[in-house]
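Taking it in order: structure first as structure tokens, then the write-up.
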Amino acid sequence: MTIRTRFAPSPTGMLHIGGARTALFSWLYARHLGGEFVLRIEDTDLERSTDEATQVILDGLKWLGLDWDGEPVFQGLRKAEHVVAAEQLIEEGHAYRCYCSREELDAMREEQRANGEKPKYDGRCRHRSDRPEGAPFVVRFRSPDEGETVVRDMVLGDVVFNNAELDDLIILRSDGSPTYNLAVVADDAAMGITHVVRGSDHLNNTPRQIQLYQALGLTPPQFAHIPLIHGPDGAKMSKRHGAVAITEYREAGFLPDAVVNYLARLGWSHGDDEVFSRQQLVELFDLAQVGKTASRFDQQKLDWLNAHYLRESAPAELAVQVAGLMDVDTANGPDLEAVIPTLQERSKNLLELAAGARFFYQRPQAFDEKAVNKNFKPETDALLDAFVQQAAALDDWSAETIHALIAAVCEQFEAGMGKLAQPIRILISGGSVSPPIDATLALLGRAETLERMQQGREKLSAR
RNA sequence: GCUCCCAUCGUCUAGUGGUCCAGGACGCCGCCCUCUCACGGCGGAAACAGGGGUUCGACUCCCCUUGGGAGUACCA
């Protein structure tokens, strides 16, 4: 049997980090077993659902590379089938009309809470036979009073619920629309979902859903409830912790492979391994290796992974992305693709890469005061003079010859390389940090290098 | 409150009764490399929540406590 998993977000906001990981695990499990991964947009809450949110979610999944099979199913379009299921349940005695008003229910719950009981619908309409003309009603599922329902979870193991704890849930609202539990069950069954992988915040719904499957004469799928992701402080993920929306990571210059790798390792592991390509994840992922404990989001580890993937990426590919992030014209200056390699091992994300490449295309407007004070000494001018003079006469302008020249000048003055390299770095970049000075000057070209040095020295001496 | 879930270094985790005075990774600290920043290399500090059992033997099994989390809607 080929397996089929699904990701079923409700389009009420953005795709957040937790949802993305749920989608990832669901996708990985399906791909690992050569099964199918489908999408269902749970838009039955018409009040809060928007088309924009749906688009954002689809874009997020695409960016992460989580491709789905077939077209997304919109739950709202399946209302008729949900109603049919509800009617079937009524006919077979598994559901009934409930005419209780919200006020009545609120009062009931309040009283139960006051008595220290768990608020539950008490089933007062179960045996009601009259059907008040024109009175609004909801349809409730008649949950068994006795016995227990066990969820055989692939991550958590068997979880036993006492049926007495479960009250008669509403499956059809007074406006005739289906509620979540009915809709998921009907849709997962109709869509042939074999494995439901979702956040463990849904665990408490599962026994109810199992009862619905049974009442409808359907076989429940396999369930796998994966632990939640918390914020760095252990509480629920929220804006307070920085980025929660997957799109924010894209904008912050993160690579999808890094995010996927990081997310995969949150809850899943494969021995001592940390770095996994997409292909390796598909090969190795299994729900059996998913842990039960909630994890905290660690930005630093994501940064590390992103830096790792940045270093491994092909300069040509990075150049395309970085070009779009530059606020200066990269046409005038060295080939961006040649600049990238000098920056890869010193950048954590695409934004830093772009920032680091900037000075190659724009002469320094100002000079870092602290760096100047620290590196320009009385003897500096002599070294710079010697360098400039000999640079002009250099046959070949390459990283190797530049390096040799700097070394020679420094040796001549019995100074360390830093005595010359730092002042040059400041003159051509404006600051004390850049890729290796030889490679930098080689990329910049002799003319631009000497021009910048001269302009810089004039500006500094004019202070 | 009630129901359910969870519990190894700061964080992510390995560990499925003895091979663990607990391993890896991020972060942190130190040293090395070095023209800056990084990268890289080497080394270090750092954890089995507590208490009872079971067992010849518990990080591993059971119970309790404590601590986190989720649910408790005509939301999903």
Side-chain angles (χ1 to χ4, degrees), chain A residues 8-12 42-45 47-49 75 98 100 102 105-106 109 112-120 136-140 151 153 155-157 159-162 164-167 169-175 177-181 183-184 199-207 225 227-228 230 232 234-236 262 265-275 291-305 307 311 343-348 356 371 375 403 406-407 410 416-426 429 431-438 440:
Chain A
S10 58
T12 53
E42 310 223 320
D43 54 355
T44 54
D45 182 354
E47 295 292 313
R48 301 190 295 152
S49 299
Q75 193 162 57
C98 167
C100 296
R102 290 176 203 252
L105 294 173
D106 286 344
R109 277 192 279 262
Q112 289 166 333
R113 238 185 279 266
N115 292 337
E117 294 167 38
K118 178 178 180 173
K120 288 187 298 202
F137 64 89
V138 299
V139 175
R140 283 183 186 272
V151 178
D153 195 88
V155 172
L156 300 171
V159 181
V160 181
F161 290 84
N162 201 323
E165 293 294 332
L166 307 171
D167 63 357
L169 76 157
I170 292 172
I171 53 177
L172 238 44
R173 301 188 183 94
S174 49
D175 66 358
S177 65
T179 58
Y180 170 70
N181 285 296
V184 236
S200 62
D201 49 337
H202 286 282
L203 181 61
N204 289 299
N205 287 320
T206 310
H225 289 93
L228 270 20
H230 294 150
K236 200 170 182 174
Y262 177 69
R265 281 288 290 105
L266 230 42
W268 173 82
S269 64
H270 183 263
D272 287 340
D273 301 338
E274 294 288 350
V275 179
K292 301 176 177 179
T293 69
S295 48
R296 298 188 187 200
F297 190 83
D298 183 5
Q299 183 64 48
Q300 289 184 310
K301 189 153 185 185
L302 208 207
D303 283 340
W304 171 75
L305 266 172
R311 269 177 258 132
L343 262 8
Q344 275 175 287
E345 66 188 20
R346 59 201 92 233
S347 308
K348 288 200 297 289
N375 295 289
H403 189 270
I406 292 174
C410 289
M417 294 263 284
K419 287 283 187 288
L420 177 55
Q422 280 305 79
I424 296 176
R425 175 171 279 121
I426 292 164
S429 76
S432 61
V433 176
S434 87
I437 200 67
D438 49 7
T440 302

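Since we're looking at a predicted model, the values are computed, not measured. Residue numbering restarts at 1 for every chain, and letters A, B, ... go by the order of the sequence lines.
When A/N162, A/V159, A/V151 are each tested for a side-chain contact (heavy atoms from CB on, under 4.5 Å) with A/P207, only one passes: A/V151.
The same atom, P, is picked in B/A73 and in B/A49; the two are 34 Å apart, to the nearest Å. Using atom P as the reference point in both B/C61 and B/U72, the two lie 31 Å apart (nearest Å). Using C1' as the reference atom, B/C33 and B/G43 are 15 Å apart when rounded to the nearest Å. B/C2 and B/C56: their P atoms are spaced 39 Å apart (whole Å). Across B/C21 and B/C26, the matching P atoms stand 25 Å from one another, rounded to whole Å. The P atoms of B/C35 and B/C48 are separated by 44 Å, rounded to the nearest whole Å. If you take atom P in B/G52 and the same atom in B/U16, they sit 26 Å apart, rounded to whole Å. Across the P atoms, B/G53 and B/G15 are found 30 Å apart, a figure rounded to whole Å.
Note: NZ (A/K301) to C1' (B/G10) measures 13 Å, nearest angstrom. A/L305 has its CG atom 9 Å from the P atom of B/C26, to the nearest Å. Remark: C1' of B/C4 and NZ of A/K120 are 14 Å apart, rounded to the nearest angstrom. Put simply, CZ on A/R48 is 8 Å from P on B/A76, counting in whole angstrom units. To the nearest angstrom, C1' of B/C5 lies 11 Å from NE2 of A/H230. Spacing between atom CG of A/L169 and atom P of B/C74 amounts to 10 Å, rounded to whole angstrom units. The separation between A/K292 atom NZ and B/C6 atom C1' is 9 Å, rounded to whole Å.
You'll find that the side chain of A/E274 is closest to B/G24, out of B/C74, B/C6, B/G24. With B/C2, B/G1, B/A70 as the choices, the nucleotide that has an atom nearest any side-chain atom of A/P119 turns out to be B/G1. Nearest to the side chain of A/D201, among B/C12, B/A76, B/A70, sits B/A70. Taking only side-chain atoms of A/N204, from C-beta outward, the nucleotide of B/A76, B/C4, B/C6 with the closest atom is B/C4. Checking B/G23, B/U3, B/A76 against every side-chain atom of A/S10, the shortest atom distance belongs to B/A76.
Within the nucleic acid shown, A/Y262 has no heavy atom closer than 4.0 Å to any nucleic acid atom. Here A/H270 lies out of heavy-atom contact (under 4.0 Å) with every strand. Using a 4.0 Å heavy-atom cutoff across all strands shown, A/V159 reaches sugar-phosphate atoms only and no base atom. Residue contacts shown for A/S177 are absent, as no nucleic acid heavy atom lies under 4.0 Å away. Residue contacts shown for A/R265 include a base, since a base heavy atom lies under 4.0 Å away. Nucleic acid contact class of A/R109 (heavy atoms, under 4.0 Å, all strands): sugar-phosphate only. Among the atoms of the strands shown, only primed sugar atoms or phosphate atoms (P, OP1, OP2) are found under 4.0 Å from some heavy atom of A/E42. Residue A/D167 is out of contact with every strand shown, counting any heavy-atom pair closer than 4.0 Å.
Between A/S295 and B/U11 there is no side-chain polar atom (N or O) within less than 4.0 angstrom of OP1 or OP2. Between A/R296 and B/A7 there is no side-chain N or O to OP1 or OP2 distance below 4.0 Å. Distances shorter than 4.0 Å separate some side-chain N or O of A/S269 from OP1 or OP2 on B/A14.
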> What one-letter contact string describes nucleotides 31-45 of chain B from 5' to 3', where B marks a base within less than 4.0 Å of any protein heavy atom, S marks contact via sugar-phosphate atoms alone, and - marks no contact?
Replying inline: ----BBBBSS-----
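In this structure, A/P435 and A/T440 approach most closely via the heavy-atom pair O-OG1, 3.1 Å. Minimum interatomic distance between A/D298 and A/Y262 (heavy atoms only, all atoms of both residues): N-OH, 2.7 Å. Considering all non-hydrogen atoms of both residues, A/K120 and A/A164 come closest at NZ-O, 2.9 Å.
Base pairing of B/C4 is made with B/G69, judged by Watson-Crick or G-U wobble geometry with both donor-acceptor distances under 3.5 Å. The partner of B/A76, taking Watson-Crick or G-U wobble pairs whose two distances both stay under 3.5 Å, does not exist in any strand shown. The nucleotide B/U60 finds no pairing partner, because no Watson-Crick or G-U wobble arrangement with both distances shorter than 3.5 Å includes it. Across all strands shown, B/A14 forms no Watson-Crick or G-U wobble pair with both key distances under 3.5 Å. Nucleotide B/G43 has B/C29 as its partner under the Watson-Crick or G-U criteria, with both atom distances under 3.5 Å. Checking B/C20 for Watson-Crick or G-U wobble geometry (two distances, each under 3.5 Å) identifies no partner in any strand.
No side-chain N or O of A/R109 forms a donor-acceptor pair with one of A/Q112 less than 3.5 Å apart.
Considering only heavy atoms from C-beta on, A/I171 stays 4.5 Å or farther from A/N181 through its side chain. Between A/F297 and A/L302 there is a side-chain heavy-atom pair separated by less than 4.5 Å.
The OG1 atom of A/T44 sits 5.0 Å away from atom CD of A/Q75, with the distance rounded to the nearest 0.5 Å.
Of the residues near RNA chain B, A/V138 and A/K118, the one whose nearest nucleotide (by heavy atom distance) lies more toward the 5' end is A/K118. The residue among A/L302 and A/F161 whose nearest nucleotide of RNA chain B lies closer to the 5′ end is A/F161.
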